[in-house]
Asks: 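One structure follows; several queries about it will come next.
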Amino acid sequence: MSRLLLALYTVIGMFVAGTNAAAAQESSYDERALRIDEHMGTLRLVRGTSETVVAKIGTFRGGNVAEVVSPSPKAVAEAKVFQNNYRPGAWMAAIGIATLGAAVGAARISDLNQAVPTSLTVVSVSLIAVGGSKLDTAYRALARAVWWYNRDLK
């Protein structure tokens, strides 16, 4: 009878210890997982339930996302795609918007050849389209980098 009770206590102890280990793993995931948070026009990479900001992504600066997600090789690859596309895309879109303003201003000048505002408009729309495409690629890569990082957490 005592051997049966000892075996029963051992099995119960294993279940209780297994539950505690799983809870400890979840809390460490909760402390280390990343998420993307937008705050007043700035994207931030935030870590865990404590909401520690680990990277800020501003209008023309991308932050070093590859360093933040370095434990995961696939996340680093996606972070490099983000870093290669974000800054050029932001600059192209900004220059395109400025060129569009110049085209509107040039169209108001009555003595100016109409080819000037037309060509400025074509250039501005092209810059905005290419810049927007690069920004879209960058944001998608950032989301994938965060997903790969969180997926590879142990």
Side-chain angles (χ1 to χ4, degrees), residues 15-154:
F15 281 123
V16 171
T19 304
N20 288 341
Q25 183 179 6
E26 288 177 24
S27 68
S28 67
Y29 175 85
D30 290 344
E31 293 169 1
R32 295 183 331 195
L34 292 177
R35 66 183 171 85
I36 301 169
D37 185 33
E38 183 179 0
H39 181 70
M40 297 184 66
T42 301
L43 290 177
R44 303 180 303 172
L45 283 181
V46 180
R47 185 183 310 276
T49 55
S50 63
E51 297 189 0
T52 305
V53 177
V54 293
K56 288 184 180 180
I57 302 163
T59 305
F60 296 107
R61 61 184 165 86
N64 194 359
V65 178
E67 183 179 306
V68 174
V69 297
S70 62
S72 171
K74 291 179 181 178
V76 169
E78 293 294 338
K80 288 181 180 178
V81 170
F82 167 77
Q83 289 172 332
N84 290 336
N85 285 290
Y86 183 75
R87 182 173 278 164
W91 279 107
M92 282 182 179
I95 292 169
I97 291 169
T99 307
L100 185 60
V104 170
R108 298 224 178 249
I109 300 173
S110 60
D111 296 349
L112 193 63
N113 185 352
Q114 284 302 97
V116 173
T118 303
S119 61
L120 284 172
T121 302
V122 169
V123 167
S124 67
V125 169
S126 300
L127 284 170
I128 292 170
V130 171
S133 175
K134 283 188 164 294
L135 285 173
D136 182 56
T137 301
Y139 288 133
R140 291 171 47 101
L142 177 64
R144 284 192 302 266
V146 169
W147 183 82
W148 276 112
Y149 174 83
N150 288 340
R151 181 179 178 271
D152 292 344
L153 280 177
K154 291 182 172 60

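Keep in mind that what you see is a predicted model, and the values were worked out from it rather than measured. Residue numbers run from 1 in the order of the sequence given.
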Asks: With T99, which residues qualify under side-chain contact (heavy atoms from CB on, under 4.5 Å), at least two apart?
Replies: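 Listed in chain order: I95, L120, V123, S124, L127.
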Asks: Is there a donor-acceptor pair under 3.5 Å between the side chain of T118 and the backbone N or O of A115?
Replies: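 Such a contact is absent between T118 side chain and A115 backbone.
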Asks: Scan for ring-ring contact (aromatic ring centres under 6.0 Å, His included) pairs involving residues 105-129, sequence neighbours excluded, and state none if there are none.
Replies: none
Asks: Measuring from atom CG of L153 to atom CG of L34, what distance do you get when rounded to the nearest 0.5 angstrom?
Replies: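 The CG atom of L153 sits 7.5 Å away from the CG atom of L34.
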Asks: For E38, which residues count as a salt bridge (Lys or Arg N to Asp or Glu O under 4.0 Å) partner, sequence neighbours excluded?
Replies: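 Listed in chain order: nothing, the list is empty.
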Asks: Quick check: closest heavy atoms across A79 and V69, and the distance to 0.1 Å?
Replies: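 Heavy atoms of A79 and V69 come nearest at CB-CG2, 3.9 Å.
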Asks: If you take all heavy atoms of A93 and L135, which pair is closest and at what distance?
Replies: CB-CD1, 4.5 Å
Asks: Atom CZ of R144 and atom CG of L142: how far apart are they, to the nearest 0.5 Å?
Replies: 10.0 Å
Asks: Flag the pair Y29 / N150 as yes when at least one side-chain heavy-atom distance between them is below 4.5 Å, and no otherwise.
Replies: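 Yes, at least one pair of side-chain atoms sits under 4.5 Å.
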Asks: If you count every heavy atom of other residues, nucleotides or ligands that lies below 6.0 Å from R44 atom CZ, does the total exceed 12?
Replies: yes
Asks: Measure the spacing between CZ of R32 and OG1 of T52 and express it to the nearest 0.5 Å.
Replies: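 It is 13.5 Å, given to the nearest 0.5 Å.
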Asks: Considering residues at least two apart in sequence or located in another chain, which fulfil the ring pair (Phe, Tyr, Trp, His ring centres under 6.0 Å) criterion with W91?
Replies: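 Residues passing ring pair (Phe, Tyr, Trp, His ring centres under 6.0 Å) with W91: F60.
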Asks: Evaluate the side-chain proximity of I57 to V65: yes if any heavy-atom separation is below 4.5 Å, no if none is.
Replies: yes
Asks: Looking at residues at least two apart in the chain, or sitting in another chain, which of them share a side-chain contact (heavy atoms from CB on, under 4.5 Å) with A138?
Replies: F82, N85, Y86
Asks: Considering all heavy atoms of both residues, which atom of G89 and which atom of K134 are nearest to each other, and what is their separation?
Replies: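 Distance-wise, the nearest heavy atoms are CA-CB, 3.7 Å.
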Asks: State whether the side chain of D136 and the backbone N or O of G132 hold a donor-acceptor pair below 3.5 Å, judged by distance alone.
Replies: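 Between the backbone of G132 and the side chain of D136 there is no qualifying donor-acceptor contact (under 3.5 Å).
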Asks: At their closest point, which heavy atom of A75 faces which heavy atom of A145, and how far apart are they?
Replies: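 Closest approach of A75 to A145: CB-O, 3.3 Å.
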Asks: Which heavy-atom pair separates V68 from Y149 by the least distance, and what is that distance?
Replies: O-CE1, 4.0 Å
Asks: Residues in salt bridge (Lys or Arg N to Asp or Glu O under 4.0 Å) with R47, at least two apart?
Replies: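 Here no residue qualifies.
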Asks: Just wondering, do E51 and R35 contact through their side chains at under 4.5 Å, heavy atoms?
Replies: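 A side-chain contact exists here, since the closest heavy-atom pair is under 4.5 Å.
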Asks: Using a 4.5 Å cut-off on heavy atoms from C-beta on, say whether the side chain of V116 contacts that of I109.
Replies: no
Asks: Can you measure from CG (D37) to CG (L43) and round to the nearest 0.5 angstrom?
Replies: 8.5 Å
Asks: I36 vs L45, test: side-chain contact (heavy atoms from CB on, under 4.5 Å). Steps then yes/no.
Replies: CA-CA 5 Å; I36 301 169; L45 283 181; 3.8 Å; yes
